[in-house]
Amino acid sequence: MDMFFYITIIVGFSLIYYGYVKKRDYDLKEKELKLEERKVELEMKKIEYGKDFQEENKRES
C-alpha cells in the first residue's frame with residue numbers, strides 16, 4: 001500500500017508540472033502572436049501614411 005501511495009503522489013506531481021510547463025509555453029506563443037500582430041498593424045499604418053503623404057504631394061504640385 002505504501003508503494004502505491006508514493007507512485008500516485010509522484011504521478012500527480014508529474015502531471016501538475018507538465019501542465020504548468022505547457023501553460024507557460026502556450027502563454028509565450030500567445031505573446032509572440034500578439035507581437036507579430038502589432039508588427040503587421042504598424043506596417044499597415046506606415047503604408048497608409050505613405051499613401052496619404054504621396055496624395056498630399058500630388059495635390060500641392
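Worth knowing before you read on, the calculation uses all heavy atoms, side chains too, and leaves out hydrogens, waters and symmetry mates.
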### Summary
Residue pairs passing the salt bridge (charged side-chain N to carboxylate O under 4.0 Å, His left out) test with at least one member in residues 13-24, sequence neighbours excluded, are Lys23-Asp27
## Note on the structure
Excluding Tyr17, membership of its hydrophobic cluster (Ile, Leu, Val, Met, Phe, Trp, Tyr; side-chain heavy atoms within less than 4.5 Å) reads Tyr20, Val21
### Message
Does any part of the side chain of Leu35, heavy atoms only, come nearer than 4.5 Å to the side chain of Lys31, both counted from C-beta?
### Response
no
### Query
Out of curiosity, Leu33 CG to Lys29 NZ, how far, rounded to the nearest 0.5 Å?
5.5 Å
### Task
For Lys46, enumerate each residue passing the side chain to side chain contact (heavy atoms under 4.5 Å, CB included) test, keeping only those at least two apart in sequence or located in another chain.
Leu42, Glu43
### Query
Do the side chains of Met3 and Val11 join up, straight or via other hydrophobic residues, at under 4.5 Å, putting them in one cluster?
yes
### Task
Determine, using the 4.5 Å side-chain heavy-atom cutoff (strictly less than), whether Ile10 and Tyr18 are members of one ILVMFWY cluster.
no
#### Entry: Salt bridge present between Glu30 and Lys34 (N-O < 4.0 angstrom)
yes
### Query
Rounded to the nearest 0.5 Å, how far apart are CD of Glu48 and CD of Glu41?
12.0 Å
### Task
Going by the side chain to side chain contact (heavy atoms under 4.5 Å, CB included) test, name the single residue among Ile7, Asp2, Ile9, Thr8 that passes it with Phe5.
Ile9
